[in-house]
Number of protein chains: 4
Amino acid sequence: MCRVFSKDATQAPRVRGRPRSAELRKRILDAGARVVSETGADVGFEAIAQAAGASRTTLYRWWSSPEELLLDALLDSVQSSIAIAPDMPVLMQLRTHLDSAAAILTDPLTWAPLRALAAAALSKDAAHAAFYEHWLAPRRAAARTLIERGISDGTIIPANPDVHIDVLFAPLYHRALFTNGAISDNLVDELLRIIATHQP
Amino acid sequence: MCRVFSKDATQAPRVRGRPRSAELRKRILDAGARVVSETGADVGFEAIAQAAGASRTTLYRWWSSPEELLLDALLDSVQSSIAIAPDMPVLMQLRTHLDSAAAILTDPLTWAPLRALAAAALSKDAAHAAFYEHWLAPRRAAARTLIERGISDGTIIPANPDVHIDVLFAPLYHRALFTNGAISDNLVDELLRIIATHQP
Amino acid sequence: MCRVFSKDATQAPRVRGRPRSAELRKRILDAGARVVSETGADVGFEAIAQAAGASRTTLYRWWSSPEELLLDALLDSVQSSIAIAPDMPVLMQLRTHLDSAAAILTDPLTWAPLRALAAAALSKDAAHAAFYEHWLAPRRAAARTLIERGISDGTIIPANPDVHIDVLFAPLYHRALFTNGAISDNLVDELLRIIATHQP
Amino acid sequence: MCRVFSKDATQAPRVRGRPRSAELRKRILDAGARVVSETGADVGFEAIAQAAGASRTTLYRWWSSPEELLLDALLDSVQSSIAIAPDMPVLMQLRTHLDSAAAILTDPLTWAPLRALAAAALSKDAAHAAFYEHWLAPRRAAARTLIERGISDGTIIPANPDVHIDVLFAPLYHRALFTNGAISDNLVDELLRIIATHQP
DNA sequence: TCATAATCGAGACGGTACGTCGGGTCTTTGT
DNA sequence: ACAAAGACCCGACGTACCGTCTCGATTATGA
């Protein structure tokens, strides 16, 4: 999972002129996550620039909207959490997956940007597309392969995999975003039990 | 289900000054729903007032934010759809409930205000509270009594009712708001089948 | 000097319907003078109505602008101060006249409305005309006859009477409105001495 | 006489950001004078900005009220008219002074802003202070030295200099602002003759 | 006595301008 | 070439006052 919008400074081909400051980039992304978690979902470049001690112009150079910046920040902060042992039982892998999602939706430093992205997705088509493509779709794809394997080996009740995906993920997002319901480990367990064939 | 923020003009107790125009109120609410379905979720009083042929100050007199107005509009437009025959089988009643929700999430004139409310709920705490209290909570409460009855009479698998509620509703909202997934009759059926004890 | 804009309630020909409240009229005019002397020259009907404990509608019924109201108030409060003994020496009569003007420009309850009228006269043509016709012109006319008599009997140096009028009155208004210069009895004396032929 | 409220852009010490556009400043001041002379004394930033083809926010950046702007415009347009030959007879110098004032009070492009400033001075204390300090006071001070010299060399009748100042200037302003009396060369001559010892 | 008619208070409504805020673009100097 | 600073335009915001209007309540007159 690489940075999407902002060019990757680490691998940049050395051109003429002053190189981009990697330290500044990180400071800005951190500031974005921090601001959005402190002052609410509708952040502007203004606030982020100020929190980062950077100039507004600089932000405009690298991101075309605060949402892009926050998506970068979010992806940066979760880029290591995707690796999954491939030879575990399907339900165990799914559980790991869901736990990871639950963790993201619980930690303020990831939940707040995510909520801001969701808010933007509901307002602007471009943000909607980006949110779906770069955040939801990959996670749904990963879950889909697992669920299909589970159905074929009989551990998951046979049904439309997309419905299964929604049954597993939608409650998490719904609670995190709209209901203030707790996202406990129990919740993941209960959701998995509902779509599993054998009850443990 | 009554109008929440704007006083009901029809039953007004005839006080001193010029009475409020009920016709104007309706025109404004309709304009709100229309504008939000045409131009996207972040509407301002400006646009609504113009579309309604009303003055901006009039809107400010009755609603303190566009979200309040849209919530009023939404509640007005669904206020008749709650009645349910009380002696049907539980699953049938649940199905009616979910179909009603699915209809709201499908018709642009209700879906668009709802989406705008959801967007606002993610940005402002006040909007979050209002959205939950006046929209989500009543519907969850109605579903909860049905689900509890279903569990006790054995037609629904025993588990935490709140999880059941989420399993039924969250996928609908998730598809309507974030995924562009279709909200078909099939979907409702499949969700119900998942939590039902006997498969038809 | 009668009230200009608002019909005189005391002498009104008895018609059908509820008669106008003279007490209310006075309360409003007083409130106008009071408000303008307390909160500055740009008063609106809003403020006056509130100060008078009257309805804005009532003010609109009787005056078409706050300036008209203030002119009424001003004329009411000075209507007795014009009588002058006709057989005094000219300079004495002029002095009485100027003293009266100086008193008006000194007492806050007349000075403030006058200043407001002047301010309005500089902004709106209608107010300018009313201010000139109903306030300045009568006073200039009275002074003019005195000055012409003074010139013909040799007590005032012969020159354009209009210039004399300006020399006598303009400094008073200038000091009252723009300079914060004192309007003392001395001032009137010195002005008169300048245009008089024999120095006392 | 320098610009009072808006920093002088020509001599700016070249700092970091984008420099202020001197051309825009002039366009705004000109627009201010033009608008006030065409549409009357109560101008807002709105109208001036539109006439200048500038943004309202830009006006707010540099002036805190339309009056400040108009004072700047007025001072800009008269800044060269103060120089006076120092070795003329006192009455001639005074005459030059008064002629200059009369010219300002006659030309619509200076008279209109001046009238607007006077109107503001009658309504707001801050405007009053600015009008007195930056417009009236300097001119009175200049006149005062002349008059004192005239008194000491016997060409002006001995009296309080402040009264002389008022006798000379107040009629001009009074006619320009309230009476619609003509401000002719004759007027200045007659006023001077009144305070002079020897009649030419 | 009762209809008539005007005053007066209250408040809705459309409209205009206000002063502010943030977004996005540009122009300059500094690194 | 990057970065900071700041001018500039634009649009929307929430407010305030204006002027008009539609009511109900009151208070007098005249049939």
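Just so you know, these numbers use all the heavy atoms, side chains as well, and skip hydrogens, waters and symmetry mates. Order of the sequence lines fixes the chain letters, A, B, ..., with proteins taken first and strands second; residue numbering starts at 1 for each chain. These figures come from a predicted structure and were not determined experimentally.
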Can you pull out every salt bridge (charged side-chain N to carboxylate O under 4.0 Å, His left out) where at least one residue sits in residues 37-46 of chain C? Sequence neighbours excluded, please.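 Qualifying pairs, neighbours excluded: C:Glu46-C:Arg56.
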Quick check against the 3.5 Å criterion: does C:Arg25 have a side-chain atom that pairs as donor or acceptor with the backbone of C:Trp62?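 No; zero donor-acceptor contacts below 3.5 Å.
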So, using side-chain contact (heavy atoms from CB on, under 4.5 Å) as the criterion, who are the partners of B:Thr57 when residues are at least two apart?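 Expected list: B:Ser55.
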Excluding sequence neighbours, so at least two apart, what forms side-chain contact (heavy atoms from CB on, under 4.5 Å) with D:Ala116?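 For D:Ala116, the residues satisfying side-chain contact (heavy atoms from CB on, under 4.5 Å) (neighbours in sequence not counted) are D:Val36, D:Ala41, D:Leu70.
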Have a look at C:Thr58 and say if it touches a base, only the backbone sugar-phosphate, or nothing, with a 4.0 Å heavy-atom cut-off.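 Since only primed, P, OP1 and OP2 atoms lie under 4.0 Å of C:Thr58, the category is sugar-phosphate.
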Does the [N] base have a donor-acceptor partner in the side chain of [X] within less than 3.5 Å?
X       : N      : value
D:Arg16 : E:dG30 : no
D:Arg56 : E:dG19 : yes
D:Ser21 : F:dC8  : no
C:Arg18 : F:dT26 : yes

In whole Å, what is the span from the [atom1] atom of [X] to the [atom2] atom of [N]?
X       : N      : atom1 : atom2 : answer
D:Leu69 : E:dG19 : CG    : P     : 13 Å
D:Tyr60 : F:dG11 : OH    : P     : 17 Å
A:Glu67 : E:dG22 : CD    : P     : 16 Å
C:Ile28 : E:dG9  : CD1   : C1'   : 12 Å
A:Glu23 : F:dA3  : CD    : P     : 11 Å
D:Leu59 : E:dT20 : CG    : P     : 13 Å
B:Arg27 : E:dG14 : CZ    : P     : 7 Å

Partners passing salt bridge (charged side-chain N to carboxylate O under 4.0 Å, His left out) against B:Arg27 (at least two apart in sequence or in another chain):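 Checked B:Arg27 against salt bridge (charged side-chain N to carboxylate O under 4.0 Å, His left out); matches are B:Glu23.
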Nearest-neighbour nucleotide for the C:Arg61 side chain, E:dC26, E:dC8, F:dT22 considered: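 In terms of side-chain proximity for C:Arg61, the closest of E:dC26, E:dC8, F:dT22 is E:dC8.
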From E:dA12, E:dT20, F:dC9, pick the nucleotide closest to the side chain of D:Ser55?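 Closest of the options to the side chain of D:Ser55: F:dC9.
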Can you list, in residue-number order, the parts of residues 43-53 of chain B that come under 4.0 Å of DNA chain F, counting heavy atoms only?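 DNA chain F contact set from residues 43-53 of chain B: B:Gly44, B:Phe45, B:Glu46.
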Which ring-ring contact (aromatic ring centres under 6.0 Å, His included) pairs, counting each pair once, include a residue from residues 19-60 of chain C, with sequence neighbours left out?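 ring-ring contact (aromatic ring centres under 6.0 Å, His included) check on residues 19-60 of chain C returns C:Phe45-C:Tyr60.
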Between D:Ser64 and B:Leu24, which is nearer to the 5' end of DNA chain E once each is assigned its nearest nucleotide?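 That would be B:Leu24.
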Any side-chain N or O of A:Trp62 under 4.0 Å from OP1/OP2 of F:dA3?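 Affirmative; the distance criterion is met.
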Begin with the C-alpha distance, continue with both residues' side-chain angles, and end with the deciding distance and a verdict on salt bridge (charged side-chain N to carboxylate O under 4.0 Å, His left out) for A:Lys26 and A:Asp30. CA-CA 6 Å; A:Lys26 177 164 171 37; A:Asp30 288 354; 2.9 Å; yes
Earlier contact from the 5' end, DNA chain F, for D:Thr57 and B:Pro66: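 It is D:Thr57, whose closest nucleotide lies nearer the 5' terminus.
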